[in-house]
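The first residue in the sequence is number 1, and the count goes up from there. These numbers come from the heavy atoms of this one structure, side chains and all, not from hydrogens, waters or symmetry mates. Remember, it's a predicted structure, so these values are computed and weren't measured experimentally.
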Amino acid sequence: MPEPTPLPTPTSNAVGQSAIRADALPKVNGDFDYASDLAAEGMLWGHTLRSPHPKARIRSIDTAAAEAMAGVAAVLTAADVPGKRTYGLIEDDQPVLADTMANYQGEPVAIIAATDLDTARRAADAITVDYEVLEPLCDPAEAVRRGEYFRHQPLQVGDPDTATAAVVVAREYVVGMQDQAPLGPESGLALPRPDGGVDLRVATQWLHSDQEQIAPCLGLKESQVHLEMAGIGGAFGAREDLSVQVHMAMLALATDKPVKMMYDRAESFLGHVHRHPARMRYEHGADAEGRLVYVRAQIVLDGGAYASTTDAVVGNAASLAVGPYEVEHVAVEAWGTRTNNPPCGAMRGFGGVQTCFAYESQMDALAEELGLDPLEIRRRNAMHQGSKLITGQVVQEPGIDVPNENAPFSPLVDLLDRFAAIPAPAIPAGRDIIELPGGTGNTTHGEGVVRGVGYGVGLKNVCYSEGFDDFSTARIRLELVDGEPVAYVHTAAAEVGQGHQTIQAQIVRTELGIDRVELLPVDTKVGSAGSSSASRQSYMTGGAVKAASEAVRELWATHDLADGPIEATREFRHRPTKPMDPVTGQGDSHVQLALCVHRATVDVDIELGLVKVVDLTCVQDVGKILNPIALEGQIHGASAQGLGLAVMEEMIVDAGVVKNASFTDYLIPTILDMPPMRLEIVENADPAAPYGLRGAGEPPTLSSTPAIVAAIRDATGLALTHVPVRPEHLTRHLVRQP
């Protein structure tokens, strides 16, 4: 066999270095083109008429007045859908436009194209819809009783009924509906083509999935629907589902003119999926030493009106229901219900966030009952090499080789032990009022303020699970330009702010040993890269780019670029997984597992119920650092979203109606809410992954929330079983004097 071509010496900005993002400067100076900046000569504006009712029968729709308005080019309803009338990521159950029924507040009923947005909005107001308002189903527990659910996933290991525990802790937990809250609204531009097809420029997370869903609804072949990634202002799962795509394409084809659609903030809250709210009952039994004996859990996730990704979210919630802990007897029941509440789907953490809050709260409750340190109870129950998840999957996470076979390496214990060298911040002798809960509100000068410290551990799966055929495609072309080799990289991997395009260029520089790398437009002219979700793009598209680069390098060894360019296209797949058994929940369902541990330090004004997160310290195993600064940004961002869920973010839904669809009433953390963060990044390389990397963007979202709530419990002594923690949760126990 010929000797393999040696790996070239990495150049600057290669893997492992903090390469500057290509979009950094234009984003900072305001030159970056977001999807909301798109425009085309002669374009029309699209707008959507939405149902105001969570559940209503549509008796009739009268569009005559809207069609007669000056400047209105088209008014379309369900009767005008040229092809298939439904779409969906997993199940084709979501109507392009509501026909006979509207099943949630905000469901699209009609779409309008006009010369300007104000005219389109006035036309929407002129449409008369005769609704028969019906009683909505809004209680997920009632939905379970009625059999209204998208998935029920039991999981059984051993038999908790036969287990004997010295200590039992049983509590119910509630996780509110969190919104992804991307600052960039849903937006895009559709351009009709002379061949009857349509070109779409849109902010999305999965170009090829959009294409597969859109084409049948338009009555077109997939080859007639071309998508190109537009500049995105955040995603976090909200852009996995379709929003403007089909509607603006329909309007463009109907008018034969470019059509732009852009949601305002209130419409954005109604027009995309959210994190599944959850109600969970957990019962943990432990022996006198604090080792888990059994766990029972009932997990009810509200999927809302349509399926979206609820099926997969339920699978994650069930399989990760007890976290990274060993337990012999487990009984889990997980449901994803169908209600008339807003549809819920992908959001960073994807089913793991909800259960992590519950199981970590339970571990703290057990520690309190047994008088154990919260880190110690986690050490005693930590999984190690050779342990099994509750699905039966063997944990084979690479780590330090320990010669004593009776003490196999535990990545979790390693992470927990590292906190010993990172002390929690001390209370300063004199604090400025800005540093206290309430800040410039001048609510306190320190009286009634109590400090607390808490921990949270998160276990998250990476890549798609349960037998999904997950792959990514990359094409690399190497050619001479002005006598210098230049690599052109073409993938369909959606850049959603995580810096993946920068990583692609770093991989090519590393594998080819060249400096000049150009990224071609991200579109559907190359094979699918899958979704920018599940912490998978560095693993999957990174793997594809690495494989294509290696192929080009092999060709380059025997080819003179002066004779012409070299090109290679490669698909990358991870190891196969299996679906969970529908009865027992058993199955080798996950590709890779990632761990993160947070310690939160908080100050709480126990009289006013105000909380200030003083410090977040995070220790995370990332396998291999590809770009240090980008990685730190991912951990900071994920921690911020966990903080938001812990103390401020919740969509208030009353009888199916959203009450706070604005950034005035739906609060997200700002720079003043985020504390300083201290990070220790651990590299236990996974040999099955490109460069040994481990998906890093989601795990901190899991562990930050329970850590912050644990710290608030430590400060107040309250049980706190609901997130976000509201001021009234901290003050309602106080006895008020007359």
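The two residues Leu320 and Thr355 make their nearest non-hydrogen contact at O-OG1, 3.8 Å. Nearest heavy atoms, Ala321 versus Tyr282: O-OH, 2.7 Å. Here the closest heavy-atom approach between residue Glu360 and residue Tyr455 is recorded as OE1-O, 4.4 Å.
Looking only at distances, no side-chain donor or acceptor of Arg378 sits under 3.5 Å from a matching main-chain atom of Pro324. Side chain of Asn316 to main chain of Phe350: a donor-acceptor pair is present (N/O by atom type, distance under 3.5 Å, no hydrogens or angles). Checking side-chain atoms of Glu135 against main-chain N and O of Leu137 turns up no donor-acceptor pair under 3.5 Å. A donor-acceptor pair is defined here as one N or O able to donate and one able to accept, closer than 3.5 Å; such a pair exists between the side chain of Arg694 and the backbone of Asn684. Judged by distance alone, with hydrogens and angles left aside, the side-chain atoms of Ser532 form a donor-acceptor pair with the main-chain N or O of Ala494 at under 3.5 Å. Gln213 places a side-chain N or O within 3.5 Å of a backbone atom of Ser209 that can act as its donor or acceptor partner. The main-chain N or O of Leu720 is found under 3.5 Å from a side-chain atom of Arg713 such that the two form a donor-acceptor pair. Proximity of a side-chain donor or acceptor of Glu698 to a complementary backbone N or O of Ser535 within less than 3.5 Å is detected. Side-chain atoms of Thr162 come within 3.5 Å of backbone N or O of Asp159 as a donor-acceptor pair.
Gln156 contributes atom CD, which lies 10.5 Å from atom CD1 of Ile390 (distance to the nearest 0.5 angstrom). Rounding to the nearest 0.5 Å gives a distance of 13.5 Å between CG of Leu645 and CD1 of Ile668.
In summary, of the residues considered (Thr310, Thr309, Asp302), a side chain to side chain donor-acceptor pair (under 3.5 Å) with His276 occurs for Thr310 alone.
Side-chain contact check for Phe357 versus Val709: some heavy-atom pair is nearer than 4.5 Å. The closest side-chain heavy-atom distance from Ile712 to Val647 is below 4.5 Å.
Checked against salt bridge (Lys or Arg N to Asp or Glu O under 4.0 Å), Asp311 has the following partners two or more places apart in sequence or in another chain: Arg151.
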**Q.** Steps toward salt bridge (charged side-chain N to carboxylate O under 4.0 Å, His left out) verdict (Arg380, Asp373)
**A.** CA-CA 11 Å; Arg380 294 184 185 185; Asp373 178 84; over 6 Å; no
Q: Would you check, one step at a time, whether the test salt bridge (charged side-chain N to carboxylate O under 4.0 Å, His left out) holds for Asp588 with Arg575?
A: CA-CA 11 Å; Asp588 191 0; Arg575 67 173 185 81; 3.6 Å; yes
Using a 3.5 Å cut-off and no angle test, enumerate the donor-acceptor pairs between side-chain atoms of residues 648-661 and protein atoms at least two apart in sequence or in another chain.
residue: Glu649; atom: OE1; partner: Gln178; partner atom: NE2; Å: 3.3
residue: Glu649; atom: OE1; partner: Tyr666; partner atom: OH; Å: 2.6
residue: Glu650; atom: OE1; partner: Arg726; partner atom: NH2; Å: 2.6
residue: Glu650; atom: OE2; partner: Arg726; partner atom: NH2; Å: 3.4
residue: Asn660; atom: OD1; partner: Ile652; partner atom: N; Å: 2.9
residue: Asn660; atom: ND2; partner: Glu650; partner atom: O; Å: 2.9

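If you check the side chains of Gln205 and Ser533, you find no donor sitting under 3.5 Å from an acceptor. A donor-acceptor contact closer than 3.5 angstrom links the side chains of Glu326 and Ser387.
The aromatic rings of His272 and His274 lie tilted to each other, with the angle between the two planes from 30° to 60°.
Annotation: cation-pi geometry not satisfied between Arg171 and Tyr173 (NZ/CZ under 6.0 angstrom from ring centroid, within 45° of ring axis).
Evaluation of the side-chain hydrogen bond (donor to acceptor under 3.5 Å, both in side chains) test over residues 634-647, restricted to residues two or more places apart or in two chains, returns Arg348-Gln641, His598-Ser639.
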